[in-house]
Amino acid sequence: MFLVYDANAIKIYTDGSARPTNPGPGGVGVLAEYPDQMGLDNFELSEGYVLSTNNRMELMAVIRGMEWLEVESRARKFTRAILITDS
């Protein structure tokens with residue numbers, strides 16, 4: 001496992017799945033963790049879809065995380081972000 005640590009970067013964790021079959025009901029999850037020195041609460045997002053595949057949900061989670069980062073970085077001027085995914 002490759003691990004990168006940067007105390008000044010925002011970390012975005014993403015995951016997606018479809019169960020019990022593929023295709024089937026799916027969902028995405030995003031957790032954004034601010035650098036400790038900012039003292040801000042983490043951002044969480046989850047969405048569900050009636051019919052999808054696990055691959056689509058994994059990609060959708062990354063897209064949602066990047067969309068959030070685009071908006072948030074305008075207000076907070078982030079210079080670095082680390083994306084952590086299991087796919």
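Positions are given from 1 along the sequence.
Residue pairs meeting the salt bridge (Lys or Arg N to Asp or Glu O under 4.0 Å) criterion with at least one member in residues 78-87, sequence neighbours excluded, are D6-R80. Under the salt bridge (Lys or Arg N to Asp or Glu O under 4.0 Å) criterion, the residue pairs touching residues 61-70 are E47-R64, R64-E67, E70-R74, with sequence neighbours excluded.
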From CA spacing to verdict: side chain to side chain contact (heavy atoms under 4.5 Å, CB included), T14, L83
CA-CA 8 Å; T14 66; L83 178 67; 3.8 Å; yes
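Put simply, L59 and L45 are part of two different groups of oily side chains (I, L, V, M, F, W, Y) that touch within less than 4.5 Å, one to the next. Under the 4.5 Å side-chain contact rule for hydrophobic residues, W68 and M38 share a cluster.
Between M66 atom CE and S73 atom OG the span is 10.0 Å, to the nearest 0.5 Å.
In this structure, S17 has no side-chain contact (heavy atoms from CB on, under 4.5 Å) partners at least two apart in sequence or on a different chain. The side-chain contact (heavy atoms from CB on, under 4.5 Å) check on N42 picks up L31, E33, with sequence neighbours excluded. When the side-chain contact (heavy atoms from CB on, under 4.5 Å) test is applied to S87, the partners found at least two apart in sequence or on another chain are E58, T85.
Think of V28 as one node in a network of Ile, Leu, Val, Met, Phe, Trp and Tyr side chains linked at under 4.5 Å; its network also takes in Y49, M57, M60.
Side-chain atoms of P25 and P20, non-hydrogen and from C-beta on, do get closer than 4.5 Å to each other. With contacts defined as side-chain heavy-atom distances shorter than 4.5 Å, the pair I10/L69 qualifies.
In the displayed structure, R76 atom CZ is contacted under 6.0 Å by more than 12 heavy atoms of other residues, nucleotides or ligands.
A donor-acceptor pair shorter than 3.5 Å cannot be found between the side chains of E44 and Y13.
In terms of heavy atoms, P35 sits closest to A9 at CG-O, 3.6 Å.
The backbone N or O of A18 lies less than 3.5 Å from no partner atom in the side chain of N54, so there is not a single donor-acceptor pair.
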